[in-house]
Every structure is written in C-alpha cells, then in structure tokens.
Amino acid sequence: MKKMLLAVMVLAVAVFCAMQCSAMYVASFGIERHTHTVQVGETLWGISVGYMDSQDRYNDVRGVMCDIEKANGLTMAGSHHLQPGQKLVIPLYVKKDRPAKN
C-alpha cells in the first residue's frame, strides 16, 4: 500500500513538473498571425514549408501544417483541396526575444 501511494505521489509530481515546464516553454513564444492567399497549385504542405523559417517552435514542417489546419478548421482530407483565392490564417510561434527582421 505504501509503495503504491509513493508511486502515485511520484507520478503526480512528475505530471505537475511537466505541465509547468510546458507552460514556461509556451510562454516564451508569441504568436504572429499572418494571412496567406492560396495561389493556383499550392498545397498545404508547400505553404507550410514556405513559413518554416518564419517560426521558432518546430523543426518539422508537420507542426506548422497542423497549426494551420487547426487555425482554419481544416481536416486532413479537406486540407488537400485548397481553392485559389482562399484565405488562410497562418499562426507562427516566434520566440519573444527573437531579434526583429529588417
């Protein structure tokens, strides 16, 4: 019984610490929202690749793509059917201490 209680307490502390670290990590970012007008032949993957260097959160294009899908209410199936002229919100997580671009 004591071992189980100890295990539950250790797990609770670990979860609490992980949540705090995650909150601090996200708090170090600001969100810039851009608007992108879809051009003929563009894909969500290609658009996401184009914004990779403008953000600091992800090392993989799939993270940027997922954020764009969520911000625009797209589904995986629907994201492949972008229409020319369609406006997309592009949320980019940038470090708050990132030097301004000239």
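Computed from a predicted structure; not experimentally measured.
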Residues that Asn72 engages under side-chain hydrogen bond (donor to acceptor under 3.5 Å, both in side chains), provided they are two or more places apart: none
Pair Tyr58-Asp67, side-chain donor/acceptor within less than 3.5 Å: yes
Which residues share a side-chain hydrogen bond (donor to acceptor under 3.5 Å, both in side chains) with Thr37, sequence neighbours left out: Lys87
Transitive ILVMFWY side-chain link Val89 to Ile47, under 4.5 Å: no
Gap between atom CG of Asn59 and atom CZ of Arg57 - 0.5 Å precision: 12.0 Å
Set of residues satisfying side-chain hydrogen bond (donor to acceptor under 3.5 Å, both in side chains) with respect to Arg62, sequence neighbours excluded: Asp60
Heavy-atom side-chain contact between Val64 and Met52 under 4.5 Å: yes
Gln55 side, atom CD; Lys95 side, atom NZ - distance, nearest 0.5 Å: 10.5 Å
pair Lys96-Phe29: side-chain heavy atoms closer than 4.5 Å: no
Non-hydrogen atoms of Leu74 and Leu82 that approach each other most closely: CD1-CD2, 4.3 Å
Side chains of Val38 and Leu88 in contact at under 4.5 Å (non-hydrogen atoms): yes
Minimum-distance pair of heavy atoms, taken over all atoms of Tyr51 and Thr35: OH-O, 4.4 Å
Any donor-acceptor N or O pair under 3.5 Å, side chains His34, Glu32: yes
Within-4.5 Å side-chain heavy-atom neighbours: Ile68 and Leu44: yes
Spacing of CD belonging to Gln39 relative to CD belonging to Gln86, to within rounding of 0.5 Å: 12.0 Å
